[in-house]
Amino acid sequence: MYQIDISNRYINEVSALLEYIILGLLMEGDMSGYDMKKTIDHSVGIFYKASYGSLYPALKRLTEKQWVSMTEEPGNSKKKKIYSLMPEGKENFMVWLAGPLEMSRNEFLLKIFFFDYLDEDTRTALLEEYEFKLNREIGRLQAVEQIVAGELAEIPNPQNYYYRVSALSYGMLFFNMEKQFVDNIKKGAELP
């Protein structure tokens with residue numbers, strides 16, 4: 001029973017987080033679910049992954065709460081749904097946004113904590129696989145940084161995007177720090 005309660009609470013926290021991401025995107029303007037997914041992948045996707053399988057149920061919940069409205073785009077044979085932020089959705093988003101910053105969970109560190117239970121070959125393989133993923137993310141962020149730098153150079157008030165760019169910088173610092181941490185663990189494991 002206890003494990004189920006924790007699991008349900010975690011699922012609810014993750015679902016609520018996606019709902020706030022959606023509300024934040026809609027602060028920018030109306031969007032389709034497809035456009036939201038693309039925007040998530042190219043922005044907050046650095047630190048939050050969302051699938052269509054989680055996005056559309058979240059949009060349905062937000063519509064039921066009347067935080068978001070949905071209209072079908074006229075003249076579109078696929079009945080493209082466009083979502084808009086409602087006043088109550090904006091109010092709830094702003095309350096959440098102004099709330100205290102929370103420490104996040106880190107499954108990576110939790111697993112490292114228990115790594116002594118694994119054999120050396122499994123530990124090494126997992127660390128090398130994780131290091132490969134980190135290098136891939138670092139490369140992806142470097143490409144995004146170049147694109148963002150070019151876009152910021154062409155807009156009139158780049159300082160209006162300071163916090164978004166700061167989140168990108170955090171991503172680079174975070175992945176580089178984790179890469180250094182993995183390198184240190186691998187070196188430490190080689191010691192007698």
Gap between atom [atom2] of [Y] and atom [atom1] of [X] - 0.5 Å precision:
X: N92; Y: K65; atom1: CG; atom2: NZ; value: 7.5 Å
X: S84; Y: M31; atom1: OG; atom2: CE; value: 11.5 Å
X: N160; Y: L152; atom1: CG; atom2: CG; value: 10.5 Å
X: F175; Y: Y170; atom1: CZ; atom2: OH; value: 9.0 Å
X: F132; Y: E137; atom1: CZ; atom2: CD; value: 10.5 Å

With a sphere of 6.0 Å drawn around [atom1] of [X], does it hold more than 12 non-hydrogen atoms of other residues, nucleotides or ligands?
X: K49; atom1: NZ; answer: yes
X: Q66; atom1: CD; answer: no
X: K81; atom1: NZ; answer: no
X: Y34; atom1: OH; answer: no
X: Y52; atom1: OH; answer: yes
X: R164; atom1: CZ; answer: no

Taking a hydrophobic cluster as the set of Ile, Leu, Val, Met, Phe, Trp and Tyr residues connected by side-chain heavy atoms closer than 4.5 Å, whether directly or through intermediates, do L59 and M86 fall within one such cluster?
-> no
M177 reachable from L109 in the ILVMFWY side-chain graph, under 4.5 Å edges = yes
Carboxylate-amine/guanidinium contact [X] [Y], below 4.0 Å:
X: E129; Y: K133; value: yes
X: R61; Y: E64; value: no
X: D41; Y: K37; value: yes

Taking atom types as modelled and ignoring hydrogens, do the side chains of E131 and N135 form a donor-acceptor contact shorter than 3.5 angstrom?
->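 No.
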E128 versus T124, side-chain donor and acceptor atoms under 3.5 Å = no
